[in-house]
Amino acid sequence: MKRIFLPLLFSMIPLAAAADDKGVWRVFVADATTPAVEVFDIATGSRLDRFSLTSPARVYAGDSGAFVYAVQGEADRVSAIATGFSFEDHGDHADMEVAAPALVGDILSGTTPVHFVPHGDDIAVFFDGEGVTRVFSDQAVGKGDLAVQTYASARPHHGVASAFGDVVLISEPVKDSDAALPDWVRAVTADGTQVGAPHDCPGLHGEAGSGKLMAFGCSDGILVFSPGTEGPVSKHFAYPAELGEGRTGALRGTEAYEMFVGNYGANKLLLIDPSAEEPFRSVEFAGPQIGFELDPARPKFGYALGFDGTLSEIDLLGGVITRTLPVTGPYSTEGGHGAVRPALAVAGETIIVSDPEAASLHLIAAESFTASGAIALEGKPASIAAVGGIPASH
């Protein structure tokens, strides 16, 4: 496995690695049924603010840590919330200043925004109802008129896009088909010029970046892009037959290695190392899983939450489940992607699990893998995003 050392794109993550009582972490919580986002201090459990939106949202943190974004598919808009954290890069470290969180307001509008993909300073939001992606700079938010670049595909579909160097990788559907998922990826410059031939990825769903690589989940394997002298170069990795029936529809990229983690079927995770002779390893669980996240501060580990409420710690290098912990009550596997279910986030040395049915956030100490507290809420807390680090002391 190729180990990489990234530039300071995720300013809050290197800061969080030195876990001590100076760390300040906030979790942004979107309710599944109420158009609002609440902000909590993780150390004290106190609510810092509540921001009203137009519709229920899913929340995502930008790579800078300065903003959290509320993607409101029902309201056809994306809103920005200032986290209250600002970071100044000094090369060997980054100073963090702390202020109150604040609602910036709506920054994008369009029909049915869904996929939100940060990649360095650039953020791409794909609008399913239009078949277009809008790309903007994370650092430019809140500084006046936001320059937004729009890239169009052939027709509306459940698509995705990501900035990738000087181009944007955008999904494309078959023009004369009603299929919801796209079948290939184009590399497009800012003026709309296509770079090279389209890249096949049938039934595309799920994407992630890791180092200089960008991966997409296809029905027949994983499509991985790397930089080339004349535009992005792709390589397709077919799923091994021994994995059985399934596909990857959700991907995460590790921050310390050029490696990807993806789901496969209901009860497996794939560990994908594009540089290895055998790129796929699998981790199998006793039952179906709701979702998974990686640990930026402890990059050896990832966490998966089962429908039975059990949280599993996975050693990504060893490819094994190392510890398990019951966290929530069981959740139904029925209802598809629209069902209200728990979500995971990692805040320094704390793993956070939202529990819509119990109206709470469960806090788990990552080092000991034991319950360390809970934050009581109202409603159905679902989507969460955690941001923070170590404040400047000089």
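All of these numbers come straight from a predicted model, not from anything done at the bench.
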The reported gap from CD1 in Ile384 to CZ in Phe40 (rounded to nearest 0.5 angstrom) is 11.5 Å

Taken to the nearest 0.5 Å, the spacing of Leu243 CG from Glu284 CD works out to 10.0 Å

Validation: residues 365-378 side-chain donor-acceptor distances under 3.5 Å, sequence neighbours left out:
residue: Ser368; atom: OG; partner: Thr370; partner atom: OG1; Å: 2.7
residue: Ser372; atom: OG; partner: Leu363; partner atom: O; Å: 3.2

Walk me through it: do Trp184 and Leu204 pass the test side-chain contact (heavy atoms from CB on, under 4.5 Å)? CA-CA 7 Å; Trp184 39 286; Leu204 186 159; over 6 Å; no

Under 4.0 Å between a side-chain nitrogen and a carboxylate oxygen: does that hold for Asp31 and Lys380?
no

Notebook entry, point to check: Is the count of non-hydrogen atoms from other residues, nucleotides or ligands lying under 6.0 Å from Arg58 atom CZ greater than 12?
Noted result: no

Show your working on side-chain contact (heavy atoms from CB on, under 4.5 Å) between Glu313 and Thr324 and close with a plain yes or no. CA-CA 6 Å; Glu313 178 190 71; Thr324 61; over 6 Å; no

Are Val68 and Val24 linked, directly or through intermediate hydrophobic residues, by side-chain heavy-atom contacts shorter than 4.5 Å (ILVMFWY only)? yes

Report yes or no: do Phe285 and Leu305 belong to one cluster of Ile/Leu/Val/Met/Phe/Trp/Tyr joined by side chain heavy-atom distances under 4.5 Å? no

OG (Ser282) and CG (Leu271) are apart, to the nearest 0.5 Å, by 8.0 Å

Single-linkage hydrophobic cluster Val117~Leu223, side-chain heavy atoms < 4.5 angstrom
yes

The side chain to side chain contact (heavy atoms under 4.5 Å, CB included) partners of Asp220 (sequence neighbours excluded) come to Pro202, Cys218, His236

Interatomic distance, CG@Leu325 vs CZ@Arg323, rounded to 0.5 Å, equals 9.5 Å

For Asp121 and Ser137, does a side-chain donor sit closer than 3.5 Å to a side-chain acceptor? yes

The side chain to side chain contact (heavy atoms under 4.5 Å, CB included) partner of Ile364 among Leu344, Val346, Thr350, Ile351 is Ile351

The reported gap from CE in Met214 to NE2 in His119 (rounded to nearest 0.5 angstrom) is 4.0 Å

Residue pairs passing the side-chain hydrogen bond (donor to acceptor under 3.5 Å, both in side chains) test with at least one member in residues 326-338, sequence neighbours excluded, are Tyr331-Asp355

Sequence neighbours excluded, the answer for salt bridge (Lys or Arg N to Asp or Glu O under 4.0 Å) partners of Arg252 is Glu293

Point to revise | Audit row: Phe127, Thr133, side-chain contact (heavy atoms from CB on, under 4.5 Å) steps and yes/no | key: CA-CA 6 Å; Phe127 291 76; Thr133 192; over 6 Å; no

Do the side chain of Arg77 and the main chain of Ala75 share a donor and acceptor less than 3.5 angstrom apart? yes

Q.
Aromatic contact between Tyr69 and Phe116, with the criterion being ring centroids under 6.0 Å apart: yes or no?
A. yes

Q.
Using only atom types and a distance under 3.5 Å, with no angle test, would you say the side chain of Thr254 pairs donor to acceptor with the backbone of Tyr257?
A. yes

Can you tell if the side chain of Leu251 reaches within under 4.5 Å of the side chain of Ile272, non-hydrogen atoms only? yes

| said: We want to know whether Ser79 and Gln72 form a side-chain donor-acceptor pair, criterion being a heavy-atom distance below 3.5 angstrom. | reply: yes

Judged by modelled atom types alone, do Ser64 and Asp138 share a side-chain donor-acceptor pair under 3.5 Å?
yes

| request: May I ask you to decide if Gly249's main-chain N or O and His205's side chain share a donor-acceptor pair within less than 3.5 Å? | output: yes

Check your understanding: Do the non-hydrogen side-chain atoms of Thr54 and Pro35 ever get within less than 4.5 Å of each other?
Key -> no

| Pair Asp41 + Arg26, salt bridge at N-O below 4.0 Å | no

Close side-chain approach of Val71 to Val114, heavy-atom, < 4.5 Å: no

Rounded to the nearest 0.5 Å, the OG atom of Ser354 sits from the CZ atom of Arg341 at a distance of 12.5 Å

*asked:* Donor-acceptor check, side chain of Gln289 to backbone of Gly287, threshold 3.5 angstrom: yes or no?
replied: yes

Kindly state whether the ring of Tyr239 and the ring of Tyr264 have centres lying under 6.0 angstrom apart.
yes

Cluster check Phe28, Leu53: I/L/V/M/F/W/Y, side chain < 4.5 angstrom = yes

Could you tell me whether the side chain of Asp200 and the main chain of Asp183 form a donor-acceptor pair under 3.5 Å? no

Let me have the donor-acceptor pairs involving side chains of residues 139-146, under 3.5 Å, with sequence neighbours excluded, atom names and distances please.
residue: Lys143; atom: NZ; partner: Gln139; partner atom: O; Å: 3.2

Under 4.5 Å between any side-chain heavy atoms of Ser109 and Asp76, yes or no?
no

*Please assess Tyr303 against Leu311 for the test side-chain contact (heavy atoms from CB on, under 4.5 Å), listing each intermediate value before the final yes or no.*
CA-CA 7 Å; Tyr303 310 103; Leu311 184 69; 4.0 Å; yes

Using a 3.5 Å distance criterion without hydrogens, assess whether the side chain of Asp315 forms a donor-acceptor pair with backbone atoms of Val320. no

Checklist entry - Do you see a donor-acceptor pair shorter than 3.5 Å between the side chains of Glu97 and Ser86? => result no

Only one of His157, Arg155, Arg186, His199 passes side-chain hydrogen bond (donor to acceptor under 3.5 Å, both in side chains) with Glu172, and that residue is Arg186

Subject >> Within one Ile-Leu-Val-Met-Phe-Trp-Tyr cluster: Val387 and Phe51, side-chain cutoff 4.5 Å >> reply: yes

Is the backbone of Glu38 close enough, under 3.5 Å, to the side chain of Arg47 for a donor and an acceptor to pair up by distance? no

Are Phe225 and Phe216 an aromatic pair, judged by ring center distance below 6.0 Å?
yes

With a cut-off of 3.5 Å and sequence neighbours excluded, list every side-chain donor-acceptor pair involving residues 226-233.
none

